[in-house]
Every structure is written in structure tokens, then in C-alpha cells.
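These notes are about the structure you will find just below.
Counting starts at 1 for both ligands and their atoms, in listed order. Only heavy atoms go into these numbers, but all of them, side chains included; no hydrogens, no water, no symmetry mates.
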Amino acid sequence: MSRVQLALSLLSIAPVALAGNVQLEGLTLPEEYYQQRDIVKGMFTSSYDAYKKYAWGHDDLSPVSMSYSDGRNGWGASLADAMPTMYIMGLDDLFHEAVDYISGVDFSQSQTEDTVSIFESTIRYVAGMLSAYQLSGEKDDILVEKAKQLADKLVLGWVDGHTVPYGYVNFTSGEPVIDTTNIAEAGTLTLEYAVLSQYTGNSTYEELAVGSAKQIMNTPPPLPGLPAQGYEPSNNTFVGGYVTWGGGSDSYLEYLIKYARLTNTDDNSWVDAWQTGVDSSIKTLLRTSTVGDWLYLADYDSNKKIRHVSSHLACFHGGNWIQGGRMIDDESIVDYGLQLADACWNTYASTATGLGPEVFAFASDDGNYTGSSAPSKAQLDFYEEHGFYITAEDYILRPEVLESQFIAYRATGDTKYLDRAASAVASMNEYLLVNGAFSGIEDVTDKQSARIDDTESFWFAEVLKYLYLIFDDPDHISLDEYVLNTEAQPFKAPPGKGHYGSGVLLDIPVDASLTVGADLPEVSANSFMPVSIKDIIGLDN
Ligand SMILES: *[C@@H]1O[C@H](CO)[C@@H](O)[C@H](O)[C@H]1NC(C)=O
Ligand SMILES: *[C@@H]1O[C@H](CO)[C@@H](O)[C@H](O)[C@H]1NC(C)=O
Ligand SMILES: *[C@@H]1O[C@H](CO)[C@@H](O)[C@H](O)[C@H]1NC(C)=O
Ligand SMILES: *[C@@H]1O[C@H](CO)[C@@H](O)[C@H](O)[C@H]1NC(C)=O
């Protein structure tokens, strides 16, 4: 083929993404959707007004009781987490007011309990401040100083001689809380600390975060490329063999490709580790529901049993597979990602409120074991109609399902994702609105559901940012120019390399002793699972 013929043949095929890029080339938003963007901006300003009125300076607005709560050490989590969204929406006055407030916070002392979560504080506070600093032109140096002030205490979670940090630091004593951690907590710090190292000129932060993620990557896992959820920092061993893409593990997997994309590192092991995990997931965890043919990723437990469960938190996986698939030029992984995003959307499309539940379950040809009690008659009926059934009915303003629709839209340009986002916007305004703000609900299947009196900071940081950006010019915060942290905080990335990873799967031997074997008696409902449901509910993606 001559060069001219080649060029012509490339022109004639359907729109594609450039090699290694995530977004479809030349994508433009159809004009009629821009009004949705303005609706979303209005949702932000009205719920933030309520925050200012009833919860100013505190972590969360309590929208029903018109009060507040401080579950993130009282430093004003919603303010720090919302700053990048304000900047992106062009809400400059609110942005500067928030920067002024955060500039005066003493992050070296907790305002509430002694103990501080390294993970939660990094993804919300450190990331919110650094992203706001970067987006707004690197002018407010105080934001870097404040991020550093907090991080300098968080790094006390790394005990001398350990590569993986404990999950919590007692800010009063400056000592870590000695307890097992999980791979999401210990493996989700690389983006934030790489940026902090860049701005402070101190490489320690990045080295610590990278060391932790790499230690997890190199610890013999229960399944190839799929580490167990629980982790013991004192001797670098997994605790149990529970494998999931859901809470407690999720963002370790998410950050493998994101760190590679943010830094363009020559070290292929990050992307290779991700590809190994995805390959293993396709072989071991991927299932199709017997009703509706919905694709899902099951969990794998410490007794080598497949659990046919999934969750709102896990629903970041569709978007993550789309992004990673594009980075390694593997459209079959992209296609799985699109199907996962569809199945997650089905959990919204199937309820009376049009919003999706916290935890749900499936059945496939090889069974329907979930690790908990058998489904009720009502759950079975729901399954027959919708191809999944609900095991926790609440919606607490989580973003992951919409996050994956956003990435799917940017990658394909299919307007069905815009229509889904518009449907979610309508549902939120119909069923969540209270006192000008938005609350969670106890039961997504009930239009008159009781409210949950809490607006976590991820409402401002993630839900409203993804909804705003899906209805904005696709070049605004392009996924080929920014890497979004697990709280949707954008960090500027260098131009893409064209291709990521070596294509060779990581060869870390599996540790069969982590899982005890399927020939044992049926496990009980409360068989070992290091992260309790309570913790998962508390965790952000
Ligand atoms: C870099 O940061 C670490 C972690 O806070 C600190 O221990 C170290 O002293 C810093 N190095 C320099 C040269 O400031
Ligand atoms: C944190 O450390 C302080 C000072 O040593 C101690 O009094 C307090 O009990 C510790 N808090 C927790 C939750 O362990
Ligand atoms: C690792 O340390 C934990 C906590 O001290 C302990 O329970 C576990 O038995 C140790 N595992 C190994 C393999 O030494
Ligand atoms: C799961 O399997 C059991 C036993 O085979 C069956 O009674 C039940 O209806 C199944 N549940 C679903 C959701 O398919």
C-alpha cells in the first residue's frame, strides 16, 4: 500500500481514538445537551449554598436536618473536595472563598478524633488542594503548603523498615494505628504524592507511595494479577484471599494505569500488572447473568468460591477497562468495559427512582452463590425481570456508575450515555432534592423513600463534576490531557506515549495458601472478609 493509499484507508474508517488515547478524535457534544450542563451547575450552586448556610467549614452538610457532620477530621472536606469542581464550572467567587478558608486550616491537628485515614485524607484533601492549585494556574502556593502540612503527618503511617503504610495515623501522638490495612488504602496514593513531590521538589512522597503500590504488586496474590483485599504491613503478606473489584481493593487496580499515564514512566510493570489483573478477571471472574445477559465481575473468596455479587463502588470498572484498554490498544477490553458500564447502568434503569443501589447480586450458568443468605421471593422476582437483584437498597450519592458512563461517552461518542446522564439528573431532582440540597435515600425502589441525612464531599467532587463534564465540550478536561484521581480530581498529564505496557503479563507466582480450597464445607455467610460492610460503606471508591 502506498503512503497515500494508507492515508486514504485510514480516513475512510469510523472515527477512532489515536493510539494510546482514550477519547474519540474530534468528538463534539450535540448542541441540545448543553442545557443539561447548566442544570448540573444549578444543582451545584444550590447544594453548595445549603452547605454554606448550614455546614460552613465542616466536612459534610446534613441536608435534611439542615446541620452538619465531621467524619473527615473536621477540616472542611466538602470545601477542599469541591474546589476543582468550582474552578471547572467557572464559579470563581466560590473558588476564591474556598481557597481563603482552606488556607487558614491547621491540617497538622485533627479537629475531631485522634485518628486520621491516610487514604481518605489523601484522595479528598491533598488531591483537592493540589488539583485546585494546578487548574487555577499555580498561583495560590498556600494550597501546596497545606497539602504538604497534611501529608507530612500522613507519612507517619510508614513505619521505619516498612514499605506499606498502616491505614491510620494518630495525629495527637504522631504514631500509626497498628492494624491490617487493605490494598485500596495502601495502593491509591501514587497520583497525589507524585504531584506533591513535583510541587515541593521533595521526592519522598512519591517514593513512599510508589514503594507501597509496588510491594502490593510484587506480593504473591491468590489469583494472577489480582491481589487479596487485606494487607499486613509488618510482614508484607495478604490477609486472606478475598479478590474483588469493589470497595477495599478497587482503586489499587484503578491507579495502576493512571499512575503510568500521569508520569509516562518507562517502567512497564504498572500497566503490565493491570493487564495481568484484567486477563485474570476475564478468565476467572467475568460472568453473564442468566437473565438479560448482563456482564459482571464476580468476587472470589478465601474459600476459592465465586461470589455472584457486585456493588456501586465496583462500577468504576467499566470506565477503567475502557481507559486501560485504549492505553494498551486492546479493543476487546474496551468492549468488556462498555458492557460492564451497561450492566451498571441497568441497576439505575431498573428501579422506581431511576437511581442505583449500593450492593446487588446475579446468577450465571455456573451458579448463584453470594456468601450471604439465599434471595427472597421478592428478590427472585426482581431478578427475573431485571437480570440482577438488590441486596442493599440505599443510594448515598455515589459517583461510580455515572463515572463509567462519562468515560464511555468520551471514548465512543454514543449519545445513549448522555441520555442516561440526563435521566440521572432528572431522578436526582425528583427524588433527592431537600432544602435546596440533595440527600441520599434508604431505598432506590421506593419513590417515597426515607432520606439519608448526609451529603458526602464526593457529591461535590465527583457526581456533579462527572455530570457537568459529560455535558460540556469534550475537550474540556480531556481524558487525554488529564488523569482524574479516584475522587475525580484532575491532574495534568503529559502528551500520550501512543502505547503503554510491554504486553507481557507479570509473572508473580500465586500463593495458593491464601485460599483454603473449594472442597471444604460450604462457607457461612460471615466467612472471612477483612473489610466489613460498614467499612465499605464508609469508603469512597
Ligand atoms: C521530604 O519529605 C519527608 C516527608 O515529610 C521529610 O521527612 C524529609 O525531611 C523531606 N526532605 C527534605 C529535603 O525536605
Ligand atoms: C492517640 O494518641 C494519644 C496520645 O498518645 C492518646 O492519648 C490517644 O488515646 C490515642 N488515640 C487513639 C484513638 O488511640
Ligand atoms: C504477619 O503478621 C501478622 C500480624 O502480626 C500475623 O498475624 C501473621 O501471622 C504474619 N504472617 C506471617 C506469614 O508471618
Ligand atoms: C439460586 O440457586 C438456587 C438453587 O439452585 C435456586 O433455588 C435459586 O432460585 C437461585 N437463585 C437465583 C437468583 O437464580
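The aromatic rings of Tyr466 and Phe406 lie tilted to each other, with the angle between the two planes from 30° to 60°. Taking the six-membered ring for Trp and thresholds of 30 and 60 degrees, His162 and Tyr166 have ring planes inclined between 30 and 60 degrees apart.
Within 6.0 Å of atom NZ in Lys497, more than 12 heavy atoms from other residues, nucleotides or ligands are found, so the atom counts as buried in its surroundings.
Between Thr115 and ligand 2, not a single N/O pair is under 3.5 Å apart. Polar contact check, Thr172 against ligand 2: no nitrogen or oxygen pair lies under 3.5 Å apart.
In summary, the side chains of Arg124 and Ser457 do present a donor paired with an acceptor at a separation below 3.5 Å, with no hydrogens or angles considered. Under the 3.5 Å distance criterion, with hydrogens and angles disregarded, no donor-acceptor pair is assigned to the side chains of Asp267 and Thr265.
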* Is there a side-chain contact (heavy atoms from CB on, under 4.5 Å) between Val169 and Glu175 once you walk through the steps? -> CA-CA 6 Å; Val169 173; Glu175 300 286 336; over 6 Å; no

* To do: Would you sort out whether Thr263 and Trp270 count as a side-chain contact (heavy atoms from CB on, under 4.5 Å), showing the intermediate values?
  => CA-CA 11 Å; Thr263 61; Trp270 299 92; over 6 Å; no

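Less than 4.0 angstrom separates some heavy atom of Ser234 from each of these atoms of ligand 3: 2 (O). Of all atoms in ligand 3, listed by their number and element, those nearer than 4.0 Å to a heavy atom of Asn235 are 1 (C), 2 (O), 3 (C), 8 (C), 10 (C), 11 (N), 12 (C), 14 (O). Each of the following atoms of ligand 2 lies closer than 4.0 Å to a heavy atom of Ser173: 2 (O), 4 (C), 5 (O).
Within 4.0 Å of ligand 1, heavy atoms belong to protein residues Asp152, Val155, Asn202, Thr204, Tyr205.
The backbone N or O of Gly174 lies less than 3.5 Å from no partner atom in the side chain of Lys153, so there is not a single donor-acceptor pair.
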